[in-house]
*Asks:* 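One structure is given below, represented as structure tokens, and several questions about it will come after.
Side chains are part of it too, since the values below use all heavy atoms of this structure and drop only hydrogens, waters and symmetry mates. All chains are named by letter (A, B, ...) in the order of the sequence lines, taking the proteins before the strands, and each is independently numbered beginning at 1. These numbers come from a predicted model, not from an experiment.
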Amino acid sequence: METAATENKKNIYRTLCEEITGQDTGKEFTLKGWVMRYRDHGGLVFIDLRDYSGVMQIVFDENIKGESFKTAKKLKNEYVISVTGAVRNRPGGTENPHLKTGKIEILANALQILNTCETLPFQIEEETEVNEFTRLKYRYLDLRSKRLKDNLIFRSKFTYLIREFLNNRGFFDIETPFLTKSTPEGSRDFLVPSRLNHGHFFALPQSPQLFKQILMVSGFERYYQIVRCFRDEDLRADRQPEFTQLDMEMSFVEMQDIISVTEELFAGIFEKLLNIKIGLPFKALDYEEAFDKYGSDKPDTRFELIITCLSDIFTNSSLNVFKNALSTGGTIKAICFPNGSNLLSRKDIDDLLSAVKDFGGKGLAWTKVGENNSLDGGISKFINDEEKASLIKRLAAKNGDIIFYQADTKKTANTVLGRLRLYLAKKYNLIPENRFDLLWVVNFPLFEYSDEEKKLVSVHHPFTSPAKKDIAILETDPLSVKSDSYDLVLNGEEIGGGSIRIHNPLLQEKIFKILSISPEDARLKFGFLLDALSFGAPPHGGIAFGIDRILMLLRNENSIRDVIAFPKTQKAYCPLSDAPSPVKDAQLKELGIRLYDTANKNIKK
RNA sequence: GGGGCUGUAGUUCAGACGGUUAGAACGCCGGCCUGUCACGCCGGAGGUCGCGGGUUCGAUCCCCGUCGGCCCCGCCA
């Protein structure tokens, strides 16, 4: 990626460090920025001046007349200065190949200190990693570092390219309310009390889902928004309480239309921003295949370790765990870890067992593959020659591999091996770097059974359209019904998902019935959407993407916090602003709110 | 709600069976230095060992509680 400055030549009011090149020797410039480093050699002072474009070395020489040398002696790290001088080539042998401007420097003849700086709580660009809490508290300092600054500049370009692409294709950027109605479905809402309606609350939107559908009813046809969404759930490295989605909705479309627009959008961005060409169309996997082969609905396809079913090979197995699994309707599955015998010690294998238990597995059977298609160790003595030959052939196992087995229900065997697969890949560096695998997961089931609620629930959301071919079996065999929905997966992370929506009120009624949502309930929860759908709603569908996650992956970061200017800690606290914080009694009174119990003692009087 | 790791100088870390004055590096302050670029050299300051309680003659160290941070499970239609 080009740096901000070299690409953006439209700087109107001043010169930036990296705009100056070897072509400019002899010319005089005034640069403004921060003292990144200060090196005092007595009669000669060097500083590295940093502005948002990059770095330029400034030299102060005691032989240059004027006050600048004297002033330079007072400089300290992160002082803000304005410095004027002529560009010159550095003396032979003193060029710095690590700097973009390393062949030149500016010999200062005027210097003005625009602002001083307190001793820093941590060094900017320090090699050692500083505690994240401290970095968040002084986020403005951390954002001066190249890494975070580049991330945010990249983010700006990323969203610019999205807007450019979509605007060129007739999409309209339309804002939807942040103060909206709480819907009990989905994730926990952030609530906002209403002063004018005591006892009533707004919710911050989990996404603009209902409003974007209503915009389709209004006839906008192509909507998008890069919009903040709010979910009051526990945080993770890839989850913040507020995050940004690219939200899209289109009318008179079918699934393939949405998929095509998305592919074009991403292929364009990857090429422009990363100079990576992505083959079209993207790969696609059925939901079921994803689970069978990767044990996940967001498979990481950058490496193999494919999960393989061996049930038929072991129908007459002498091993009890295998026998029991099969007789209770379960399955036997395995992954073959190439060269595992050499990579894993016996202790490593034992350690895997505890990992597998964390993943929900009961145990971990394994065998090593020896010479001439033999099996050693683990459960090998329970595997007869016929079974051996079949499984080695099916897994394409070679001398030195290790095979890990799971005998369990299909679901458990898949998820356990899926997580083991990821665990092994990370631990033994099987994941190639700088590779981006974009993948659609399609043919999701429309419903799944919730053990908790003892009823069918939507896999996506209640407005997702069933696949046309399955509408006939909606009531007779709901669990076999597929939906017209699709997820986009990048390197094993779900980065987006969407669906074709139901626009037929009768079909929508049927779905609610299957979901055991009474007409009264439906009205209470989504009445305004149902009304809208009854007034000439066009066929429509859409998709939404997690911008933060995508950026995290493209920037090779481990957390979305590193691509967000002002993120929160895992307890959803902002060390910079000290939010959330108690409020005054008077504020609560105005809202008609009184706090329960312990919270009271935190109130500021 | 649960599991794991974690909290010592401004920062990153070390530390000791529980025993004088808690160390290092970087940063900071003062001085020297004309080709450095993580400049170098000399000197100096800087610590409620997260907080509260307990055990003990004595606790940064052991025990209990609590607060914070990071990762994960649950949760996130």
*Asks:* What is the base-pairing partner of B:G43, counting Watson-Crick and G-U wobble geometry with both distances under 3.5 Å?
*Replies:* B:C29
*Asks:* Do the side chains of A:K298 and A:E493 get close enough for a salt bridge, i.e. N-O under 4.0 angstrom?
*Replies:* no
*Asks:* P atom, B:G54 versus B:U12: distance in rounded Å?
*Replies:* 32 Å
*Asks:* Check every strand shown and say whether A:D232 touches a base, only sugar-phosphate, or nothing at a heavy-atom separation below 4.0 Å.
*Replies:* nothing
*Asks:* Under a plain distance cut-off of 3.5 Å, with no hydrogens placed, do A:Q245 and A:S207 share a side-chain donor-acceptor pair?
*Replies:* no
*Asks:* Please state the C1' separation for the pair B:U20 and B:C57 - nearest whole angstrom.
*Replies:* 15 Å
*Asks:* Could you check whether A:Q570 gets within reach of a base, just the sugar-phosphate, or nothing at all, counting any heavy atom under 4.0 Å?
*Replies:* base
*Asks:* Establish, yes or no, whether the cationic atom of A:R421 lies under 6.0 Å from the six-membered ring centre of A:F303 and within 45° of the ring axis.
*Replies:* yes
*Asks:* Once you apply the 3.5 Å cut-off to both distances, tell me the Watson-Crick or G-U wobble partner of B:C62, or none.
*Replies:* B:G54
*Asks:* Would you mind classifying the nucleic acid contact of A:R561 as base, sugar-phosphate or nothing, using non-hydrogen atoms under 4.0 angstrom?
*Replies:* sugar-phosphate
*Asks:* With a 4.5 Å limit on heavy-atom distance, are the side chains of A:K73 and A:V45 in contact?
*Replies:* yes
*Asks:* Report which part of the nucleic acid A:E129 touches: base, sugar-phosphate, or nothing (heavy-atom distance under 4.0 Å, all strands).
*Replies:* sugar-phosphate
*Asks:* If B:U12 has a Watson-Crick or G-U wobble mate with both distances under 3.5 Å, name it; if not, just say none.
*Replies:* B:A24
*Asks:* Given the C1' atoms of B:U60 and B:G23, what is the spacing between them in whole Å?
*Replies:* 14 Å
*Asks:* What does B:G68 pair with, Watson-Crick or G-U, if both distances are under 3.5 Å?
*Replies:* B:U6
*Asks:* Taking only side-chain nitrogens and oxygens of A:R236, does any of them come within less than 4.0 Å of OP1 or OP2 of B:C76?
*Replies:* no
